[in-house]
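Working notes for the structure below.
Atoms within each ligand, like the ligands themselves, are counted from 1 in listed order.
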Amino acid sequence: MEKLIVEGGRQLSGEVRISGAKNAALPLIAATLLAPGKHTLRNVPDLRDTRTFMRLMGELGVTSERNGNTVTLDSTQLVHAEVSYDLVKTMRASVLVLGPLVARLGRARVSLPGGCAIGARPINFHIMGLEALGVSCRLENGYVDAEISTPLQGNVIYFDIPSVTATENLLMAAVLAEGTTVLKNVAREPEIGNLIDMLNGMGAEIEGKDSGRLTIKGVTSLRPADCRIIPDRIEAGTYLMAIAATGGNGMVTHCNPSHLPSLLEKLRAVGLIVVETKDTISINWPEGDTNSYRKLRSVDIKTMPYPGYPTDLQAQFMALMTISSDVSMVNETIFENRFMHVAELRRMGADIKVDGHSAVVSGKGMRGLNGAPVMATDLRASSSLVVAGLAATGRTEITRIYHLERGYENLVEKLTGLGARVWKESV
Ligand code: EPU
């Protein structure tokens, strides 16, 4: 096991290149199950989660090869339709193969994910939607056994809450159903748009991209895909906040600024100058502001489905607010237990009070945190500890960094490129 050491207090500056989005890569890899043949996916990040997903695909019979960030997958021969608990317990997104397997093979057996560090995270919407398309789903011995006796039938499906992976699962099932499916109140995250583009490129007929209502005219077969993964908006946001927290100026490149509407407005509200081009975002402190201890204004956030403020950037923003100049409120509306980072940030000197889904953060000013040994609890909580560690005075040691490795490609190299002093050590 390894830990991450962060020597804080150094201003970050320069450019960092953003990788492909983990949460787009996973559904797009799953979608290759829909059409036999050789698929090409480009800009696929090399992460613990993408590697686990490729292993899962291998167990189903899909052979794959990685050449840099280009991955080819051959899904001609599927040999299994079952995903074991061993895989699902390490990566909940494994459930994304349920829809495509049923559409291609007429059956699937996937272990039910349990709760996780950030909440209960049920999959009832996935199952309700598949049942509406004619799939019989039995829950037995911790597995979902999904099966059809007649071809999938299009239907109108309404989601109580916009769910990202349920929308993706249902899209992947409905593209090969007979007739038309209408999905209402769906999630609109850019990763879903990436999946829609891939499926339409394979011959699917999906309308309504980026809206809350998708219409899918079923087709009888699809052809292999050649598709590019969109840039990781959460990685981009994390680096922007890391730079800001150290009082630095810098730029993220190879990203899509239009995928971060709420964060960029929040960064402007804290007092930074944010400049967007087609594929870069830079943040700068106002000119003439040469204080070595700069001031961040305190700003409230409330997490919401896209285009609202993303829950996956909540912990990092909270870390930023711990060194702001006043009091701010962080309201988490998506997951019921996504404040695990609070206890760790407090160990670094942060003043945060939690009441249910709200946290009140009393900023300590720039350099108001001190390095400390802390523990990573989930992917985004861990990245907030990195942001805090970079801003803090002294040394922060983060254990359980396998969480970070799930979602941040070449983290140490990228931070080092920005001038940070970070390295891994064996525990
Ligand atoms: N929900 C249900 N029933 C369902 C599905 C969802 O009640 O059947 C609830 C959830 O419990 C939650 C809300 O609906 O309260 C929204 O959850 P959603 O289904 O959208 O989350 P997800 O699809 O499981 C994806 C990302 C998460 C990200 C969320 C929210 C992937 C692989 N995962 O999860 O990413 O936080 O959307 O944006 O796309 C991460 O990358 O660190 C991460 C956790």
Side-chain angles (χ1 to χ4, degrees), residues 19-31 45 47-50 52-53 56 88 90-99 110 112-132 137 139 144 157-172 183 185-195 212 229-230 232-238 259-260 262-263 303-316 332-338 340-341 357 376-384 402-409:
S19 299
K22 165 181 86 76
N23 289 347
L26 303 179
L28 269 65
I29 294 172
L47 300 166
R48 189 181 280 261
D49 270 12
T50 47
T52 308
F53 214 95
L56 181 166
V88 176
T90 58
M91 192 186 54
R92 306 177 52 84
S94 311
V95 77
L96 280 166
V97 299
L98 197 52
V110 178
L112 265 176
C116 81
I118 62 175
R121 305 185 71 182
I123 59 160
N124 54 315
F125 300 154
H126 303 239
I127 291 172
M128 169 279 292
L130 288 172
E131 285 179 338
C137 294
L139 304 186
V144 187
I157 300 166
Y158 172 82
F159 294 94
D160 285 339
I161 303 173
S163 157
V164 175
T165 47
T167 304
E168 292 164 347
N169 235 336
L170 267 292
L171 265 173
M172 290 188 277
L183 303 179
N185 197 28
V186 293
R188 290 184 280 160
E189 270 66 3
E191 292 74 21
I192 294 169
N194 202 181
L195 176 64
I229 311 293
I230 58 170
D232 196 315
R233 63 197 165 99
I234 306 301
E235 189 198 17
T238 303
H259 291 165
L260 280 164
S262 47
L263 175 71
T303 63
M304 298 290 276
Y306 190 83
Y309 191 91
T311 175
D312 290 345
L313 287 173
Q314 177 256 105
Q316 302 89 318
E332 172 61 52
T333 75
I334 309 292
F335 292 113
E336 64 273 24
N337 191 28
R338 215 174 195 182
M340 300 281 281
H341 42 287
H357 294 289
T377 49
D378 78 79
L379 170 56
R380 308 306 172 184
S382 326
S383 64
S384 79
Y402 51 85
H403 288 294
L404 274 171
E405 291 163 354
R406 295 184 54 187
Y408 290 90
E409 192 177 42

Any donor-acceptor N/O pair, Thr167 side chain to Val186 backbone, under 3.5 Å: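 Checking the backbone N and O of Val186 against the side chain of Thr167, no donor-acceptor pair under 3.5 Å is found.
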Polar side chain donor-acceptor pair, Gln316 to Ser384, under 3.5 angstrom: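 Per modelled atom types, Gln316 and Ser384 side chains form no pair under 3.5 Å.
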Any side-chain donor near an acceptor of the partner, His403 and Asp378, under 3.5 Å: no
For ligand 1, what N or O to protein N or O distances fall under 3.5 Å?
{"unit_1": "ligand 1", "atom_1": "3 (N)", "unit_2": "Pro122", "atom_2": "O", "d": "3.4"}
{"unit_1": "ligand 1", "atom_1": "3 (N)", "unit_2": "Asn124", "atom_2": "OD1", "d": "2.7"}
{"unit_1": "ligand 1", "atom_1": "8 (O)", "unit_2": "Pro122", "atom_2": "O", "d": "3.2"}
{"unit_1": "ligand 1", "atom_1": "8 (O)", "unit_2": "Asn124", "atom_2": "N", "d": "3.1"}
{"unit_1": "ligand 1", "atom_1": "8 (O)", "unit_2": "Asn124", "atom_2": "OD1", "d": "3.2"}
{"unit_1": "ligand 1", "atom_1": "8 (O)", "unit_2": "Phe125", "atom_2": "N", "d": "2.7"}
{"unit_1": "ligand 1", "atom_1": "15 (O)", "unit_2": "Ile334", "atom_2": "O", "d": "2.5"}
{"unit_1": "ligand 1", "atom_1": "19 (O)", "unit_2": "Ser163", "atom_2": "OG", "d": "2.6"}
{"unit_1": "ligand 1", "atom_1": "20 (O)", "unit_2": "Val164", "atom_2": "N", "d": "2.8"}
{"unit_1": "ligand 1", "atom_1": "23 (O)", "unit_2": "Thr165", "atom_2": "N", "d": "2.8"}
{"unit_1": "ligand 1", "atom_1": "23 (O)", "unit_2": "Thr165", "atom_2": "OG1", "d": "2.6"}
{"unit_1": "ligand 1", "atom_1": "24 (O)", "unit_2": "Arg121", "atom_2": "NH2", "d": "3.0"}
{"unit_1": "ligand 1", "atom_1": "34 (O)", "unit_2": "Arg121", "atom_2": "NH2", "d": "3.3"}
{"unit_1": "ligand 1", "atom_1": "35 (O)", "unit_2": "Asn23", "atom_2": "ND2", "d": "3.2"}
{"unit_1": "ligand 1", "atom_1": "35 (O)", "unit_2": "Asp312", "atom_2": "OD2", "d": "3.2"}
{"unit_1": "ligand 1", "atom_1": "36 (O)", "unit_2": "Asp312", "atom_2": "OD1", "d": "2.6"}
{"unit_1": "ligand 1", "atom_1": "36 (O)", "unit_2": "Asp312", "atom_2": "OD2", "d": "3.4"}
{"unit_1": "ligand 1", "atom_1": "41 (O)", "unit_2": "Lys22", "atom_2": "NZ", "d": "3.1"}
{"unit_1": "ligand 1", "atom_1": "41 (O)", "unit_2": "Asn23", "atom_2": "ND2", "d": "3.0"}
{"unit_1": "ligand 1", "atom_1": "41 (O)", "unit_2": "Arg380", "atom_2": "NH2", "d": "2.8"}
{"unit_1": "ligand 1", "atom_1": "42 (O)", "unit_2": "Arg380", "atom_2": "NE", "d": "2.9"}

Minimal non-hydrogen separation, Phe159 against Asn185, with atom names: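 Looking at all heavy atoms of both residues, the closest pair is O-ND2, 2.7 Å.
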All ring pair (Phe, Tyr, Trp, His ring centres under 6.0 Å) counterparts of Phe53, not counting sequence neighbours: none
Single hit among Arg338, Arg380, His341 for side-chain hydrogen bond (donor to acceptor under 3.5 Å, both in side chains) with Gln314: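 Answer to the side-chain hydrogen bond (donor to acceptor under 3.5 Å, both in side chains) test with Gln314 among Arg338, Arg380, His341: His341.
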